[in-house]
J.: 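Okay, here's the structure, questions in a sec.
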Amino acid sequence: MWQKIEAAPADSILGLTDAFKSDTNPNKVNLGVGVYKDEQGKTPVLDCVKAAEKILLDEESSKSYLPISGDPVYGREVQKLLFGADSEVIANKRAVTAHAPGGTGALRVGADLLKKFYPKAKVWISNPTWANHKGVFATAGFELGQYAYYNPESKNVDFEAMLACLAAVPAGDIVLLHACCHNPSGVDLSDEQWRTVAALAKEKGWMAFLDFAYQGFGEGVEEDRCAVEAFAAVGVDFFVASSFSKNFGLYNERTGAITIVSQTAEEAVVAMSHLKATIRVIYSNPPAHGGLVVAKILSNDALHQQWLAELATMRERIKAMRVALVSGLAKRGVQEDFSYITSQRGMFSFSGLSDTTVQWLRENKAIYVVGGGRINLAGLTIANIDYVCDSIAEALGA
């Protein structure tokens, strides 16, 4: 079968990790893949996760299938995280949630469901965006378009250009939005700007699909949900894909959720029926462990508070590495102003490094950065920050 078929190209991010693993340079640094690292350069299992797993191990009495939509407690707790426990959306039962295999699985389930009822719709994604967004929605059968987002000159959101693009999106099309910690740029909309975008969605009649992969990695769990709250407030239908890989450290458990917000409780029931039908033919029902861990943590007051504290530690470490990188480059006489990196949010930064510099760092210093200059700040540690700053300074001729 495969004799006349060419090999598929390596994934632009995961392929970089494969190259990193095979590199024998003892000083190698991976600033590419979107995985949180602690000061020891390890991706830790959170203490609250370990505690929840012990409880689950003692309580577990069966390995039977979960419902198609997952554990009911999980669904309820995810909604509290998204909207707030006292949200009108929850009180009026306007939302339905299903456990999906990771954020990517949530995006694909949502894409397949939307394709069923909006077969001629176009999906609009930000320029730039996470590379896999294009593959997920194109493989689901959608034509793709782009809307303006990042301005490389100002190193910020080009909000006027973004609004002009979104104002031209036809009714019935779908707009994919990063709810916080935009990947790969690290620049986000303000609360006021989110309210403007939500009002525009209602006025123009396009469907918002929020990718919410980093809740709590920006400013905090409550602060980071401003985009979700903005769309909930205007009373439109919209989708949310959640991921708990980063904020719970559950990367290999593939724990995510797809949430559909409708205008009435009756419409939400209909939405859930079609959500279940979509899931049934893809993976039938979700893997249990990660979802049960999240449900246990969020429904237990002590574990919930422990999680918030551990999440804050991760968030603040990333912020500290932003400051260390900017100050380290300045101390080494680098002429370019990299101060904008400290105002970005989440794990990622559009560093401003050219593809030529990125290639030089990989070939000469074994520092792995994604093409376009996106850096994962969580890959920086106290142990490697001087080496990285020295290398970048050398690459830039400082």
J.: Applying side-chain hydrogen bond (donor to acceptor under 3.5 Å, both in side chains), run through Q79 and T97 and close with a yes or a no.
T.: CA-CA 7 Å; Q79 289 190 16; T97 298; 3.1 Å; yes

J.: Quick one: salt bridge (charged side-chain N to carboxylate O under 4.0 Å, His left out) partners of R374, sequence neighbours excluded?
T.: none

J.: Ring-plane angle category for W130 and H133, please: parallel below 30°, perpendicular beyond 60°, tilted otherwise.
T.: perpendicular

J.: So which residues get pulled into V73's cluster when ILVMFWY side chains under 4.5 Å apart are joined, directly or through others?
T.: none

J.: Quick one: does D188's side chain have a donor or acceptor within less than 3.5 Å of a partner on H182's backbone?
T.: yes

J.: Test the K155-F350 pair against the cation-pi criterion, namely NZ or CZ under 6.0 angstrom from the six-membered ring centroid and within 45° of the ring axis.
T.: no

J.: Got a donor-acceptor contact below 3.5 angstrom from the E363 side chain to the L361 backbone?
T.: no

J.: Check the pair K54 / D58 against salt bridge (charged side-chain N to carboxylate O under 4.0 Å, His left out), numbers first and verdict last.
T.: CA-CA 6 Å; K54 289 179 180 179; D58 290 338; over 6 Å; no

J.: Once the angle between the rings of F239 and F209 is folded into 0 to 90°, is it parallel (under 30°), tilted (30 to 60°) or perpendicular (over 60°)?
T.: tilted

J.: Taking N247 for its side chain and Q215 for its backbone only, find out whether a donor-acceptor pair lies under 3.5 Å.
T.: yes

J.: Check whether W206 reaches the backbone of L166 with its side chain - one donor and one acceptor, N or O, closer than 3.5 Å.
T.: yes

J.: Check each of N30, T17, D23, N376 against Y368 using the side-chain hydrogen bond (donor to acceptor under 3.5 Å, both in side chains) test, and report the only one that passes.
T.: D23

J.: Could you tell me if the ring centre of F117 sits under 6.0 Å from that of H274?
T.: yes

J.: Which label fits Y340 and F338: parallel for a plane angle under 30°, tilted from 30 to 60°, or perpendicular past 60°?
T.: tilted

J.: According to the interplanar angle, ranging from 0 to 90°, do the rings of F238 and F231 count as parallel (below 30°), tilted (30 to 60°) or perpendicular (above 60°)?
T.: tilted

J.: Check whether any side-chain N or O of D158 sits under 3.5 Å from a backbone N or O of Y149 as a donor-acceptor pair, and report yes or no.
T.: no

J.: Is the side chain of K80 donor-acceptor paired with the backbone N or O of G84 at a distance under 3.5 Å, no angle test?
T.: no

J.: Less than 4.0 Å between a side-chain N and a carboxylate O, is that true for K296 and E53?
T.: no

J.: Could you give all pairs that pass the salt bridge (Lys or Arg N to Asp or Glu O under 4.0 Å) test and reach residues 297-320, with sequence neighbours left out?
T.: E39-R317, E219-K319, E316-K319

J.: Main chain of F20, side chain of K28: is a donor-acceptor contact present, judged purely on distance under 3.5 Å?
T.: yes

J.: Report yes if some heavy atom in the side chain of L176 is under 4.5 Å from a heavy atom in the side chain of F137; otherwise report no.
T.: yes

J.: Examine the side chains of S349 and Q344 and answer whether a donor and an acceptor come within less than 3.5 Å of each other.
T.: yes

J.: Just so I know, are the side chains of I318 and Y36 near enough to count as touching, which here means a heavy-atom distance under 4.5 Å?
T.: yes

